[in-house]
Amino acid sequence: MLSIKYIQENKEKVLERLGIKNFKGEEIIDKALELDNLRKTTQAELDRQLAEANNLAKIIGSLFKEGKTREANEAKQKTAQLKESTKELGLKLESAEKELNLVLVQIPNLPHESVPAGKGAEDNCIVKTHGEIPVMDNTALPHWDLAKKYDIIDFETGVKITGAGFPVYKGKGAKLQRALINFFLDEAEKAGFFEVQPPIMVNEDSGFGTGQLPDKEGQMYHAEIDNLYLVPTAEVPVTNIFRDVILNRKDLPVKYTAYTPCFRREAGSYGKDVRGLNRLHQFDKVEIVCIDHPENSYHTLEEMVKHAESLIFKLELPYRIVKLCGGDMSFTSALTYDFEVYSGAQKKWLEVSSVSNFESFQANRLKLRFKDDNDKRNQLAHTLNGSALALPRIVAALLENNQTAEGIKIPKVLVPYTKFEMIN
RNA sequence: GGAGAGAUGGCAGAGCGGUCGAAUGCGGCGGUCUUGAAAACCGUUGUCCGGGCAACUGGACCGGGGGUUCGAAUCCCUCUCUCUCCGCCA
């Protein structure tokens, strides 16, 4: 969430930036400022009274020691009213803080200066396109048909075991998954990312830290008995490694990578773009997560973009990089690049990665800070993350674009991992 | 799941209900000494919220919440977590 101090000092700018995200903030910002004001004045008064009470307690203590019981008892009476009023003020402060928090949590992150205005996906800005868009004749099969033809992905059995969106990968299909995961992890390691294997269930605090909770419960599967959530992305457990952490300046940037399965309820998304691998409830993804100094975070974002791009490039898939407009960005992001690969038989672009800088929006929730040498105060770090990459749509594009009369060709770079060159 | 023990500063580990934000040791940082390093010695060392340009200053924090008391790290209740033993188990 945004820090109230920042809002205080930059109200006009905040409103203007929120406008880019099509968020009308006037009312809620005013409410936040008002509550913060109440919070401050209440605390000032409470602190004053507490100081007085502390002082009295000390005096009473020494009076008792000196045997001046009468004076002590007299002084005691004064503390009674202080006790009353501090209790009241304490409650007032608590409720002001709570209410303020409730309000702050509803304000989205501010988009970066460079983010274009826009309503939705149609206003996004294509920053780069690479590769030939394959021209396939009408006999070209979409990946769900190829999956069946070569018996490598079994959607129906997944439905039986669990439900729609939980496919069973078989034989070379399963090996392809494993190959991609290992390839992505190896590449991440080469690029300087430290591999971790986090839990794939998280508690509420973690969900809150990265911004999935509150309000976005619909996205995550919830195990109610234990009050745990299945992760929608490794971003959640990996970033939360650093919840309540104060890093040293010299530890920055932190660069982590993790493979996890990801679980998404996708409540309310039906229609034809859910066909096959296009939208699943469970899928595999290798994620990269960075934590950096505010001055360097956009440089790191560019590095992450380069890394994700290199993966798609090596897989020899046609792709484009899209900078999201304000209206299409997530609640928590300040700047997001999406990566899309072209899936030849479906004849459409599929999002396979999303790389974002959250600036201090998550860090503020996470209380993730670092010690700055120049500044006495600990500063909020910037958090970033991106997919590198999500598997299913990569597989969809690979299957479709590489289909031949003899079978499906595996990209050269993957062959050492799959140990086969062709799915046939 | 059953029984017991515990939770204090980066770590280890003290702490008669008042002078405890907290002894001591280790670690970290700065310095003296040294050609350099080590050792030794000296100093320093948490977080958050207010006020102040600042020096500085008020308040809060000893797992979380509540209570007793003029006063709680210290007493009581409760929750959570950790550890040990038993059971079950990949």
Side-chain angles (χ1 to χ4, degrees), chain A residues 1-9 32-105 197 199-209 223-229 237 240-252 254 261 291 360 362-381:
Chain A
M1 58 189 168
L2 299 179
S3 91
I4 185 67
K5 259 193 190 135
Y6 185 84
I7 298 175
Q8 190 94 260
E9 290 159 12
L33 292 175
E34 186 187 308
L35 283 166
D36 187 48
N37 229 25
L38 177 65
R39 189 198 110 237
K40 276 189 203 162
T41 53
T42 308
Q43 200 193 333
E45 179 57 17
L46 176 63
D47 284 358
R48 217 208 81 238
Q49 292 192 14
L50 283 174
E52 197 182 334
N54 287 343
N55 207 24
L56 272 172
K58 266 183 202 160
I59 292 169
I60 292 166
S62 48
L63 284 174
F64 272 125
K65 255 185 202 153
E66 292 164 30
K68 297 178 181 168
T69 321
R70 181 183 293 177
E71 287 92 325
N73 282 327
E74 272 169 29
K76 264 198 203 179
Q77 307 197 329
K78 272 200 241 168
T79 63
Q81 24 174 315
L82 272 178
K83 218 180 172 180
E84 273 298 305
S85 60
T86 52
K87 188 167 188 176
E88 231 170 83
L89 282 168
L91 290 173
K92 192 173 161 193
L93 178 63
E94 197 184 326
S95 84
E97 279 172 346
K98 240 182 222 159
E99 235 184 294
L100 174 60
N101 217 42
L102 237 52
V103 169
L104 286 178
V105 149
Q197 196 174 89
I200 57 175
M201 295 188 95
V202 295
N203 58 29
E204 246 174 304
D205 286 346
S206 294
F208 176 82
E224 245 171 286
I225 305 176
D226 298 294
N227 197 23
L228 295 173
Y229 295 85
N240 271 281
I241 291 173
F242 297 92
R243 173 150 48 86
D244 289 316
V245 167
I246 302 174
L247 293 161
N248 287 315
R249 175 78 166 88
K250 64 172 169 16
D251 296 332
L252 301 175
V254 168
I291 299 165
S360 58
Q362 290 181 330
N364 192 214
R365 294 169 155 238
L366 293 159
K367 304 209 186 329
L368 163 52
R369 292 157 294 171
F370 68 93
K371 282 195 181 300
D372 199 352
D373 313 322
N374 316 319
D375 200 343
K376 276 192 186 168
R377 280 193 110 60
N378 295 322
Q379 255 194 80
L380 291 173

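All chains are named by letter (A, B, ...) in the order of the sequence lines, taking the proteins before the strands, and each is independently numbered beginning at 1.
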Subject >> Side chain to side chain, R365(A) and V105(A), heavy atoms closer than 4.5 Å >> reply: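 A side-chain contact under 4.5 Å exists here.
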
**OP:** Let me have a per-nucleotide readout for nucleotides 58-76 of chain B, 5' to 3', with B, S or -, counting only protein heavy atoms under 4.0 Å.
**Re:** BSS------S-BBS-----

Original post:
What dot-bracket string describes RNA chain B from 5' to 3', counting Watson-Crick and G-U wobble pairs whose defining distances are under 3.5 Å, with [ ] for crossing pairs and | for pairs to another strand?
Top reply: ((((((((.[[[..)..(.....]]]((((((.......))))))((((((....)))))).[[[[[..)....]]]]])))))))....

For [N] and [X] - does any side-chain N or O of the residue sit under 4.0 Å from the phosphate oxygens OP1/OP2?
| X | N | answer |
| --- | --- | --- |
| R369(A) | C48(B) | yes |
| K5(A) | G50(B) | yes |
| R39(A) | C49(B) | no |

Round to a whole Å and report the spacing from [atom1] of [X] to [atom2] of [N].
| X | N | atom1 | atom2 | value |
| --- | --- | --- | --- | --- |
| N227(A) | C81(B) | CG | C1' | 15 Å |
| D244(A) | C48(B) | CG | P | 11 Å |
| L368(A) | U47(B) | CG | P | 15 Å |
| L366(A) | C48(B) | CG | C1' | 17 Å |
| L247(A) | G10(B) | CG | P | 14 Å |
| D205(A) | C81(B) | CG | C1' | 13 Å |
| D251(A) | G10(B) | CG | C1' | 13 Å |
| K250(A) | G28(B) | NZ | P | 11 Å |

Original post:
Taking atom CD of Q8(A) as the centre, does the number of heavy atoms from other residues, nucleotides or ligands within less than 6.0 Å exceed 12?
Top reply: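 More than 12 heavy atoms, drawn from other residues, nucleotides or ligands, come within 6.0 Å of this atom.
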
**OP:** For atom CD of E84(A), decide whether the heavy atoms of other residues, nucleotides or ligands shown that lie under 6.0 angstrom number more than 12.
**Re:**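 No, CD of E84(A) has 12 or fewer neighbouring heavy atoms, counting only those of other groups under 6.0 Å.
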
Taking atom [atom1] in both [N] and [M], compute the distance separating them and give it to the nearest angstrom.
| N | M | atom1 | result |
| --- | --- | --- | --- |
| G51(B) | U45(B) | C1' | 25 Å |
| C48(B) | C53(B) | C1' | 23 Å |
| G17(B) | U74(B) | C1' | 6 Å |
| C76(B) | U68(B) | C1' | 7 Å |
| C89(B) | G4(B) | C1' | 23 Å |

Subject >> Shortest non-hydrogen separation from L82(A) to L56(A) and the atoms involved >> reply: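 Where L82(A) meets L56(A) most closely, the heavy atoms are CD1-CD1, 3.7 Å.
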
Subject >> Minimum heavy-atom distance between A381(A) and A363(A), given as atom pair plus value >> reply: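 Looking at all heavy atoms of both residues, the shortest contact is O-CB, 3.1 Å.
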
**OP:** Give a yes or no on whether the backbone of Y6(A) and the side-chain of S3(A) come within a donor-acceptor separation of less than 3.5 Å.
**Re:**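 A pair under 3.5 Å: yes.
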
Original post:
Under the 3.5 angstrom rule, does the side chain of N378(A) hit a backbone N or O of R369(A) as a donor-acceptor pair?
Top reply: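 Not confirmed, N378(A) side chain does not pair with R369(A) backbone.
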
**OP:** For the pair K98(A) and E94(A), find out whether any cationic side-chain nitrogen is under 4.0 Å from an anionic carboxylate oxygen.
**Re:**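 A salt bridge is present here (some side-chain N lies under 4.0 Å from a carboxylate O).
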
**OP:** Start with the C-alpha gap between N227(A) and E204(A), add the side-chain angles, then the distance that decides, and say whether side-chain contact (heavy atoms from CB on, under 4.5 Å) holds.
**Re:** CA-CA 7 Å; N227(A) 197 23; E204(A) 246 174 304; 2.6 Å; yes

**OP:** With side-chain contact (heavy atoms from CB on, under 4.5 Å) as the test, would you mind laying out the steps for N364(A) and L104(A) before giving the verdict?
**Re:** CA-CA 11 Å; N364(A) 192 214; L104(A) 286 178; over 6 Å; no

